[in-house]
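Working notes, beginning with the structure itself.
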Amino acid sequence: MIQITLPDNSVREFAEPVTGLEIARSISNRLAKDVLSVSVDGEIWDLTRKIDHDAKIKLHTWDDREGKEAFWHSSAHLMAEAIEQLFPGTKFGIGPTVDAGFYYDISLPGEKQLAEKDLEKIEQKMIELARQKNDIVREEISKKEAMQLFNSKGDEFKQELISELEDGTITLYKHGTFTDLCRGPHIPNTGYIKAIKLTSIAGAYWRGDEKNPMLTRVYGITFPKQKMLTEYLEMLEEAKKRDHRKIGKEMELFAFSEAVGQGLPLWLPKGAQLRMLLEDFLKKVQKKYGYDQVITPHIGDVNLYKTSGHYDKYGKDSFQPITTPAEGEEYLLKPMNCPHHCEIYKVKPHSYKDLPVRMAEFGTVYRYEQSGELHGLTRVRGFTQDDAHIFCRPDQLKDEFKKVIDIIFIIFKALSFEDYTAQISLRDPKTPEKYIGNPENWDKAEQAIIEACEEKGLKTVTETGEAAFYGPKLDFMIKDALGRSWQLGTIQVDYNLPERFNLEYIGSDDNRHKPVMIHRAPFGSMERFVAVLIEHTAGKFPLWLAAEQAVVLPISEKYNDYAQKVSDFLNISDIRTVVDDRNEKIGRKIRDNELKRIPYLLIVGEKEAESETVSVRRQGEGDKGVMELSEFAELLTNEVRNQLSGLYN
RNA sequence: GCCGGAGUAGCUCAGGGGUAGAGCGCAUCCUUGGUAAGGAUGAGGUCACGAGUUCAAUUCUCGUCUUCGGCUCCA
């Protein structure tokens, strides 16, 4: 008797070894149709593999990551089969799954290059092969046999992979005419794959090392239903519409100019307005939390960055030093603000009573990012960090950390960022050489972060080995409406710079002590934050951030004067208002201004002019009825105040 | 930086060895209108830049720059 325990702890008994598929069938036919893979005592198996011992299992369908992975992994094999049939002699690297789909790294025979046109041919072939419903069969093989097999195929990539595997653990998967070295698991047969889209071709170095030959990487995605592919493609279209590069151009927020240089954003008036509103908001919050605003230059003596250690780390990847008429004098565009802030700390001696010192600056930094890495506003060569450094006593660390978390909460609330994850990055104790500072301090800092998060009720994920070389950190990742994850805010503990800059305070014991530094940037950088904000809101910013909060639309030119009066009144009431006095019909003005994403449209004609009112329309929501001017102003003021309540409470 | 696409009007894009087209936007005029596109006329382009092939290049070839998708690197 074999006892199979299901996730709900119910137990099913089978007289003989049983496959995942058979178990699913014993539960329901529907499940048998949907199931893609099975976990057996935590290990993911093929559905067709016999379970010959008592086990805890879980059946995975398309709704589970494990199910999708088996499906896409099999799809990668199917693609490889199609490519091998179309281009005999192709060598194969690796073909794993990714977040959305899969890829396979291949090396085509001779000088053959794959072009976009070829993708369609491969898709066709894949569909043809999928329809054959070939069983995907697992086979255990000795290392020697495996080597011989791929040697006969002349595939040095697979041989390299095999050479690193242990004998007795090597498995092959076969279907149709194709055999691959693979750990699995796979779906039972290729017929499950109904809809196929190969999405792109890219170059990729073998094993991710630029010293190795470059392979051709083919990306694709597949689905068990045609309809799912259609929906996926529609979702991609939706994502394109939200792209901050597109919206930024459309709304005239920012631009790039070849004449100025790659990766150097130009903030247009409306983008600058948006950015300044964000900065002013954060400045107010920071003031409330006891920060002092400072200002430092854009360049600094190269020795400053040698002291800080940034020269070693960024020097070769950065803009080259600026020389001066003086012999041997060199300056660097600053890659970081912290060295300057350390020097500010050193301007005068500090008593333990002065701490914490909190220094904030919207500091613009320059880093020579690789040209291929530049991307809209999310990765640029000159950007402004909403940087601040907190110099505190070790006993203040946790408290200060908690206060920074509070600031981040206020910001997230003001921008309705609800779906975020917080990641604690700790050092990897196995590689102490990667980190500087003594382990005792590291322990204290890591503990302080963990406790601060707990006390703030922050749900976190912990990643070991992801810490910066100088200290552990807490990062905030925001998911946009399409589920893509972006890293924004960061809080980092640093014992390194106080050491390097020899920072001190006089303790109550009259001795000199080293302060602890916290680096923090709730937005991360203004550029990236605005990019994410654009994608999150699709350009429909919350009222408090809209460059134009209301637009007055006169029904005809006869009411332009009244419209101007309305606009003047609202502007005096601190509501950013403009007038659309173009010679157009009201329907046209409504359409154009809706598309400009202005939150409130105020229609004024004969009735409104007589009664000193406005007819209010909310962007995306339509007619809201007629209101007194003062009533409308109050409505907006309250809405803004409500959005910024974190600041005022 | 590497691999592969792309660069035509302000924007989105079509075209193609004989010096260019659409829609939107813009300008002027008509229209003076009540909740998502009123009408007419017109102005805009060294077809990214440089070289080569050719009687002739925006079109073909090469290089450069920029940009897009990846890779690598990285806050």
Side-chain angles (χ1 to χ4, degrees), chain A residues 93 98 103 105 107 113-119 199-219 240 243 245-246 249-252 255-263 310 313-314 316-318 335-338 365 367-376 378-381 383 385 387 425 466 468-470 473 475 487-490 492 519 521 524-525 527-528 553-560 581-596 601-608 615-626:
Chain A
V98 290
Y103 66 80
D105 283 345
S107 173
Q113 290 287 348
L114 219 50
E116 301 274 340
K117 303 194 273 291
D118 295 317
L119 293 184
T199 46
S200 66
I201 304 173
Y205 301 110
W206 169 237
R207 318 207 88 177
D209 188 334
E210 57 188 329
K211 291 183 206 81
N212 286 336
M214 182 165 284
L215 306 179
T216 304
R217 177 168 296 181
V218 186
Y219 282 89
K240 266 195 210 158
D243 191 316
R245 293 167 299 186
K246 179 180 154 66
K249 196 186 267 183
E250 220 174 85
M251 294 180 73
E252 298 184 358
F256 291 89
S257 153
E258 284 187 31
V260 172
Q262 271 190 295
H310 292 125
K313 199 164 161 51
Y314 290 103
K316 61 182 184 304
D317 302 323
S318 203
M336 289 279 201
N337 301 301
C338 14
V365 296
R367 298 180 194 168
Y368 190 82
E369 302 290 350
Q370 292 188 60
S371 60
E373 193 49 53
L374 301 171
H375 181 89
T378 54
R379 194 152 300 164
V380 287
R381 286 179 172 169
F383 57 98
Q385 297 177 315
D387 212 356
S425 298
E466 288 291 306
F469 71 97
Y470 50 79
K473 58 180 184 169
D475 293 321
Q487 193 214 302
L488 294 173
T490 178
Q492 312 184 354
H519 307 247
S525 81
E527 286 74 9
R528 181 178 287 184
L553 312 180
I555 295 279
S556 83
E557 288 175 353
K558 280 187 254 170
Y559 311 106
N560 281 358
D581 58 3
R582 291 176 305 159
N583 179 8
E584 293 292 350
K585 288 169 109 167
I586 195 66
R588 178 57 182 272
K589 291 189 191 181
I590 289 170
R591 179 184 153 81
D592 289 349
N593 287 288
E594 284 272 347
L595 292 174
K596 279 168 79 180
L601 311 190
L602 306 175
I603 292 145
V604 297
E606 193 178 357
K607 281 180 288 181
E608 291 80 6
S615 180
V616 179
R617 225 189 122 99
R618 173 86 222 210
Q619 207 264 348
E621 293 174 20
D623 201 348
K624 293 282 176 189
V626 175

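All chains are named by letter (A, B, ...) in the order of the sequence lines, taking the proteins before the strands, and each is independently numbered beginning at 1. All of these numbers come straight from a predicted model, not from anything done at the bench.
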Exercise for review: Measure the spacing between CG of A:Leu601 and CZ of A:Arg591 and express it to the nearest 0.5 Å.
Suggested key: 13.5 Å

Study note, to complete from the structure: Considering only heavy side-chain atoms of A:Ile590, the closest of B:A36, B:G34, B:U72 is B:A36

Study note, to complete from the structure: Walking RNA chain B from its 5' end, the first of A:Lys246 and A:His375 to be reached, judged by nearest nucleotide, is A:Lys246

Check your understanding: Any donor-acceptor pair under 3.5 Å between the side chain of A:Asn583 and the base of B:G38?
Key -> no

Check your understanding: Does OP1 or OP2 of B:U12 have a side-chain N or O of A:Lys249 closer than 4.0 Å?
Key -> yes

Review point. If we call it a pair only when both distances are under 3.5 Å in a Watson-Crick or G-U wobble match, what pairs with B:G18?
Key: B:C55

**Study point:** Any-strand Watson-Crick or G-U partner of B:C26, both distances under 3.5 Å
**Key:** B:G42

Check your understanding: Is A:Gln619 reaching over with its side chain to a backbone N or O of A:Glu594, donor-acceptor style, under 3.5 angstrom?
Key -> yes

Practice item. Counting Watson-Crick and G-U wobble pairs only, both distances under 3.5 Å, name the nucleotide matched with B:A6, or none. Key: B:U66

Exercise for review: Using Watson-Crick or G-U wobble geometry with both distances below 3.5 Å, tell me the partner of B:U32, or none.
Suggested key: none

Check your understanding: Heavy atoms under 4.0 Å, any strand shown: does A:Ser615 hit a base, just sugar-phosphate, or nothing?
Key -> base

Practice item. Could you check whether A:Glu606 gets within reach of a base, just the sugar-phosphate, or nothing at all, counting any heavy atom under 4.0 Å? Key: base

**Study point:** Presence of donor-acceptor pair under 3.5 Å, side chain of A:Glu557 and base of B:U32
**Key:** yes

Review point. Between B:U35 atom P and A:Lys589 atom NZ, what is the distance in whole Å?
Key: 14 Å

Review point. Nearest of B:G70, B:G33, B:A37 to any side-chain atom of A:Ala202?
Key: B:G70

Review point. Hey, does A:Phe256 reach any base, or is it just sugar-phosphate, or nothing, if we go heavy atoms under 4.0 Å?
Key: nothing

Review point. Does any donor-acceptor pair link the side chain of A:Glu608 with the base of B:G34 at a separation under 3.5 Å?
Key: yes

Check your understanding: Where the side chain of A:Leu595 is defined as all heavy atoms beyond and including C-beta, which of B:G33, B:G69, B:A36 is the nearest nucleotide?
Key -> B:A36

Review point. Under the 3.5 Å rule, do the base of B:U72 and the side chain of A:Gln370 count as making a donor-acceptor pair?
Key: yes

Practice item. Return the value, rounded to whole Å, for the distance between atom OH of A:Tyr103 and atom C1' of B:U72. Key: 12 Å

Check your understanding: Reckon A:Glu250 touches a base, only the sugar-phosphate, or nothing at all at heavy-atom distances under 4.0 Å?
Key -> nothing

Practice item. Between A:Arg582 and A:Gly372, just flag the one whose closest nucleotide in RNA chain B comes earlier from the 5' side. Key: A:Gly372

Point to revise | Salt bridge A:Glu606-A:Lys558, side-chain N to carboxylate O under 4.0 Å | key: no

Check your understanding: Any side-chain N or O of A:Arg245 less than 4.0 Å from the OP1 or OP2 oxygen of B:G69?
Key -> yes

Review point. So what does A:Arg617 hit on the nucleic acid, given a heavy-atom distance under 4.0 Å: a base, only sugar-phosphate, or nothing?
Key: base

Review point. Under 4.0 Å between a side-chain N/O of A:Ser371 and OP1 or OP2 of B:G1, yes or no?
Key: yes

Practice item. Look at the side-chain N and O atoms of A:Tyr219 and state whether any lies under 4.0 Å from the OP1 or OP2 oxygen of B:G5. Key: no

Check your understanding: Under 4.0 Å between a side-chain N or O of A:Arg207 and OP1 or OP2 of B:C71?
Key -> no

Check your understanding: Counting distance only, does the side-chain N/O of A:Arg217 pair as donor-acceptor with the main-chain N or O of A:Ala202 below 3.5 Å?
Key -> no

Point to revise | Side-chain N or O of A:Arg588 closer than 4.0 Å to phosphate OP1/OP2 of B:G38 | key: yes

**Study point:** From B:U32, B:G38, B:C2, nucleotide with atom closest to A:Tyr205 side chain
**Key:** B:C2

**Study point:** Atom-to-atom span, OH of A:Tyr559 to C1' of B:G34 - whole angstrom
**Key:** 10 Å

Point to revise | Glycosidic class, syn or anti, of B:G44 using a 90° window around 0 | key: syn

